[in-house]
Protein chains: 2
Amino acid sequence: MAIISSRATAADIAKSAGVAKSTVSLAFSAPERVSAKTRERILNAAAAAGYTPNPVAQSLKTGRNNIVGIILADLTNPHGGAVLGQAQQTANDIGYMVMTTTASHDPKRDLEFVRKFEQLNIRAAIIMPSGSSDEYVGALSASSIRFVTYGHKLSGLACDHVGLDNRMGMELLVRHLVDLGHRRIGHVAGNLRQWSGTERLDGLRESLSDAGLALEDKYLGFGEYDEEASYRAALKLLRKKDRPTALITANNVTAIGALRAARDLKLRCPEDISVATIDEVPWSELISPTLTHAAQPIGDMAACAATWLIERLEGQNKTELPRFIEFPPKLIVGQSTASVDGH
Amino acid sequence: MAIISSRATAADIAKSAGVAKSTVSLAFSAPERVSAKTRERILNAAAAAGYTPNPVAQSLKTGRNNIVGIILADLTNPHGGAVLGQAQQTANDIGYMVMTTTASHDPKRDLEFVRKFEQLNIRAAIIMPSGSSDEYVGALSASSIRFVTYGHKLSGLACDHVGLDNRMGMELLVRHLVDLGHRRIGHVAGNLRQWSGTERLDGLRESLSDAGLALEDKYLGFGEYDEEASYRAALKLLRKKDRPTALITANNVTAIGALRAARDLKLRCPEDISVATIDEVPWSELISPTLTHAAQPIGDMAACAATWLIERLEGQNKTELPRFIEFPPKLIVGQSTASVDGH
DNA sequence: CGTAATTATCGAACCGGTTCGATAAATGGT
DNA sequence: ACCATTTATCGAACCGGTTCGATAATTACG
């Protein structure tokens, strides 16, 4: 019901409180520099007029603002939405607004958005990188923006990073499958130009080797984090006469592709083929069969990224070295994995 | 690789092109008002210096900018992410940036965000309304922001609206079920304080009546667009001795709750109970059983909302009356519905 | 060719704050 | 009570554009 008083300005408040415009400014931006009496007078006048400092003017003068950017690679995957939602909430709660963009996996668009952010005086952003080339990383480094990378770490960019412990995820899945008696374990990999893709692949290799096994080349398919590609890759693996008894996939989309492939080949899951994946699927409890997976604590991860970002912004960590955290995934056993001997 | 020239200003360009600062401004904002010669000289100088007008300064002076807002009720539902992604893309393609917020169904937060938007000179926003009370609508009307409502229409707010043809959706579902021989059709409704909730309920009633049937009170449950509430509501309906043979649910979350209820009661779907819903479920083809549903053309809807919004912003439609569009849903038949006599 | 009507360019004021150096007021020490 | 500090307030300049009224340069035309 409050009538939006059309734009009270600092000068108005100054007049009505009998002080200089600059004092009004101080009363808001550095209250301790103004005597208790006048501060109260100013604040009262401001409240009466519904005055609040104009953030655009502030930003012009100071080159700062209360906006953080988020650059996502993808919003079609529910993961992106979840990250955005949590990061947004965290940021909003501390008084920051969020400007979002989605690059649709196009590194060039990432860089365009970075440029826009700079123009808007946005000084910090969470980025799910779409690229990893030298010039891409170079452009990000050259930018005046402080980044927190999410999901895919960029080697060569000195910034905070929040991600998943991919190696641990693979270890959980491998151990689970090995315990069920599987020996021929295949993999539909993600995008190997991205940190998470190679980490997951390397982690898988390592975990298999710890179990006295190895990832055979013929059991390795390339899904590119794309459902269609994953479908084809899985199809190829599952058509072999000595097909793997279990498939580990690199993320949710990849798993969906693999499941579709199994179904189309009339392979029953888990009786004929076990499938386990990193990453989760929304409403996974209704998917049939429910997926065994290494779940990411998305909420915690996104909140961490937002918090770190704003810490940097507010300068508490000017000199501190880049931080790096990998959250531990959690093994959720579903119906998609079973003992190798038909259980 | 372009070295980010630290901030060339209009004054710099003016000097290097031998003109006044105001002429530089004109060269960018109203090129036709500057002679071809000087315009070229200015543009060259600008290009050489990597100059681009500072949007913050522009916004301070003009009270305008190239930012649109999006206020979502929810980002945990994949629907929100899809809408955001599409709207974002549309906006970005026309040179607009997007500021997002998520109110988590709290009308008060909606209004806070509106206030922030105003301060930031954002003049237009897409809103998935979280509330519908008089004061809520009043506050939106009083705001200087042009809205496009998405999903839930607000009666009393004169603005463009983009939504789904909910009545048609219900008609599709009812006809499908009636054709399968169902006569006892139950409903788990959504949030009846929201337009879409009542539209869907009314649409259902109407469609049933067209088929010579009626919605009996005992077959009506209230799901509030919440999974838990829907679960409980469905449980109650399905426990009746003369339980409905088919259930229509108000949206995806509601359907999930209903399916869980059926499963927990050891009712087989579709043999014992058919379930159909408005709204879709991501990766629905893997859910078991696949859901019969009235699918929303989310991409088209979101693109339309973004386009309309920006049209308003750019003033082509100053005087035109509010527009209203309801996109037709499409019936997707899955495995969750079957003939009433055990098929 | 001279004057009227256009068109191009300029300078100054302004948007609404912040910040700095200077002045005024309050406080402290002896 | 007197001077040295410290603290509070002020005025002016500035951030980087836009916009308006005024002047200068063109063009039109009788």
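The sequence lines fix the lettering, A, B, ..., with proteins before strands; numbering per chain opens at 1.
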Yes or no on ring-ring contact (aromatic ring centres under 6.0 Å, His included) for A:Phe28 and A:Tyr51, after CA distance, side-chain angles and deciding distance? CA-CA 11 Å; A:Phe28 279 88; A:Tyr51 167 81; 5.4 Å; yes
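Here D:dT9 presents its P atom at 8 Å from NZ of A:Lys37, a figure rounded to the nearest Å. What separates CG of B:Leu26 from P of C:dT7 is a distance of 15 Å, to the nearest Å. The distance between atom CG of A:Asn121 and atom C1' of C:dG17, rounded to the nearest whole Å, is 14 Å. In this structure, CD of B:Gln58 is placed 13 Å from C1' of D:dT19, rounded to the nearest angstrom. Going from atom CD1 of A:Ile13 over to atom C1' of C:dG17 covers 13 Å, rounded to whole Å. Residue A:Arg64 contributes atom CZ, which lies 13 Å from atom C1' of C:dG17 at whole-angstrom precision. Regarding B:Glu32, its CD atom lies at a distance of 15 Å from the C1' atom of C:dT6, rounded to whole Å.
Using a 4.0 Å heavy-atom criterion, one finds that B:Arg39 contacts no nucleic acid atom at all. Nucleic acid contact class of B:Val34 (heavy atoms, under 4.0 Å, all strands): sugar-phosphate only. At a threshold of 4.0 angstrom between heavy atoms, the contacts of B:Ser22 include nucleobase atoms, whether or not backbone atoms are also involved. A:Val19 comes within 4.0 angstrom of sugar-phosphate atoms only, judged by non-hydrogen atoms across all strands, and of no base. Across all strands, B:Ser59 comes closer than 4.0 Å to no nucleic acid atom at all (heavy-atom distances).
Comparing D:dT9, D:dT19, D:dC15 by their closest approach to the side chain of A:Ser35 singles out D:dT9. Here the nucleotide nearest the side chain of B:Lys21, chosen from D:dT18, C:dG16, C:dT9, is D:dT18. Here C:dG16 is the nucleotide among C:dG17, C:dG16, C:dT19 with the atom lying nearest to any side-chain atom of A:Leu60. The side chain of B:Ala20 sits closest to C:dC10 out of D:dT19, C:dC10, C:dG17.
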